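Written below as structure tokens is the structure these notes are about.
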Amino acid sequence: MVTTAPGEDRSPALALVNTRRVAADDLATPALAAAWLGAHGLTAEVPDAAALSRLTDLREAIRELLRSPDAAAVSTVNAAARADGAALALTWRDGPVREWVSTRPGSLDAAVATLARDAIEVVSGELGPLVRPCEAHGCIRYYIREHARRRWCSTTCGDRVRAARHQRLVVEQREGTS
């Protein structure tokens, strides 16, 4: 069971980036990718390897945007954001709410465009400065730093870091007394 990193519930693009971990890939097959999209409210078929590649290429471009943006990553995300004919619409739920409305809901184009637009919103919005890579050795996930002292994407990573630090201290103490 993989725990979600802080912020994944607020950003499907961040959740997409975290589908690739050191020892696992939640988008390893078209069926897994379609299931992941469905679990995140982006119902779309991923019929073949080419469609899967669109999704994984977007994932890597968003990861690059979060790490150290380059022109290729920006271009990939911008192209993906335009993949679906969508328009900004105003709805009223306890006040004005703006949202993108797809002209082709349920398509892979709509899912890819939604993820790319969310990445643009995160990187350029108020959450951008809060996105951090996990500091645990070997972890490649990102999270939204909701607390100033947080350094890890999950309690699992934090526990691993603390256990390694404790083990290092035990070894140093043994070596110092030998």
Side-chain angles (χ1 to χ4, degrees), residues 2-22 24-93 96-134 139-146 153-154:
V2 176
T3 59
T4 61
E8 285 186 23
D9 59 333
R10 294 165 43 190
S11 169
L14 183 63
L16 177 67
V17 167
N18 289 337
T19 59
R20 185 170 64 89
R21 297 175 304 285
V22 172
D25 187 348
D26 295 341
L27 306 179
T29 66
L32 286 172
W36 183 89
L37 288 169
H40 288 83
L42 301 168
T43 321
E45 287 187 31
V46 183
D48 54 25
L52 179 61
S53 181
R54 285 182 63 198
L55 198 55
T56 57
D57 289 350
L58 177 60
R59 174 180 64 188
E60 295 313 311
I62 295 170
R63 179 178 293 281
E64 190 60 33
L65 280 182
L66 297 176
R67 182 179 33 237
S68 173
D70 63 19
V74 170
S75 178
T76 299
V77 171
N78 283 337
R82 293 187 301 267
D84 176 37
L88 195 56
L90 178 66
T91 57
W92 213 268
R93 291 180 224 130
V97 176
R98 66 185 177 109
E99 61 187 351
W100 288 95
V101 177
S102 173
T103 58
R104 295 180 298 204
S107 70
L108 183 61
D109 285 342
V112 165
T114 298
L115 291 163
R117 286 190 296 265
D118 181 64
I120 292 168
E121 289 288 330
V122 167
V123 170
S124 66
E126 63 186 35
L127 294 178
L130 302 176
V131 176
R132 298 277 193 280
C134 181
C139 185
I140 60 172
R141 293 179 10 149
Y142 283 79
Y143 67 97
I144 293 177
R145 188 175 186 181
E146 297 168 333
C153 69
S154 67

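Side chains included, hydrogens not; waters and symmetry mates left out as well; all remaining heavy atoms used. Note that the coordinates shown come from a computational prediction; the quantities given were computed from them, not determined experimentally. Positions are given from 1, in the same order as the sequence printed here.
Of all the heavy atoms in I144 and G7, the pair that sits closest is CD1-CA, 3.7 Å. Taking both residues in full, the closest heavy atoms of S154 and T3 are given as CB-OG1, 3.4 Å, listed atom of the first, atom of the second, then distance. Of all heavy-atom pairs between A83 and R104, the closest is O-NH2, 2.8 Å. What you find for A113 and A81 is that their closest heavy atoms are CB-O, 3.7 Å. In this structure, L14 and E8 approach most closely via the heavy-atom pair CD2-N, 3.9 Å. A110 and G106 make their closest contact through CB-N, 4.5 Å (heavy atoms, listed as atom of the first residue, atom of the second, distance).
At a threshold of 4.5 Å between non-hydrogen side-chain atoms, the residues L16 and L27 count as touching. Put simply, the side chain of H40 does not reach to within 4.5 Å of the side chain of L115, judged on heavy atoms. No side-chain heavy atom of L37 sits less than 4.5 Å from a side-chain heavy atom of T43.
Within a 6.0 Å sphere centred on CD of E126, other residues, nucleotides and ligands contribute 12 heavy atoms or fewer.
Applying the salt bridge (Lys or Arg N to Asp or Glu O under 4.0 Å) rule to pairs touching residues 66-79 yields E64-R67, sequence neighbours excluded.
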message: Let's go through I120 and V77 carefully: what are the C-alpha distance in whole Å and the side-chain angles of both, what is the deciding distance for side chain to side chain contact (heavy atoms under 4.5 Å, CB included) to 0.1 Å, and is it a yes or a no?
response: CA-CA 8 Å; I120 292 168; V77 171; 3.7 Å; yes
Check against side chain to side chain contact (heavy atoms under 4.5 Å, CB included), D84 and V112: CA-CA 8 Å; D84 176 37; V112 165; over 6 Å; no
message: Please evaluate residues R54 and D48 with respect to the criterion salt bridge (Lys or Arg N to Asp or Glu O under 4.0 Å), reporting the C-alpha separation (whole Å), side-chain torsions for both, the decisive distance (0.1 Å), and the verdict.
response: CA-CA 10 Å; R54 285 182 63 198; D48 54 25; over 6 Å; no
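Checked by atom type and distance alone, the side chain of R132 never pairs as donor or acceptor with a backbone atom of Y143 at under 3.5 Å. Between the side chain of R141 and the backbone N or O of N18, no donor-acceptor pair lies under 3.5 Å. Distance alone, capped at 3.5 Å, is enough to place a donor-acceptor pair between the T56 side chain and the L52 backbone.
In this structure, I62 CD1 and D57 CG are separated by 11.0 Å, a value rounded to the nearest 0.5 Å. Put simply, CG on L32 and CG on L55 are 11.5 Å apart, with the number rounded to the nearest 0.5 Å. The line from OG1 of T91 to CZ of R98 is 11.5 Å long, rounded to the nearest 0.5 Å.
The pair D118-R10 does not meet the salt-bridge criterion, since no charged nitrogen lies less than 4.0 angstrom from a carboxylate oxygen. A salt bridge is absent between D26 and R59; no separation between the charged side-chain nitrogens and carboxylate oxygens falls under 4.0 Å.
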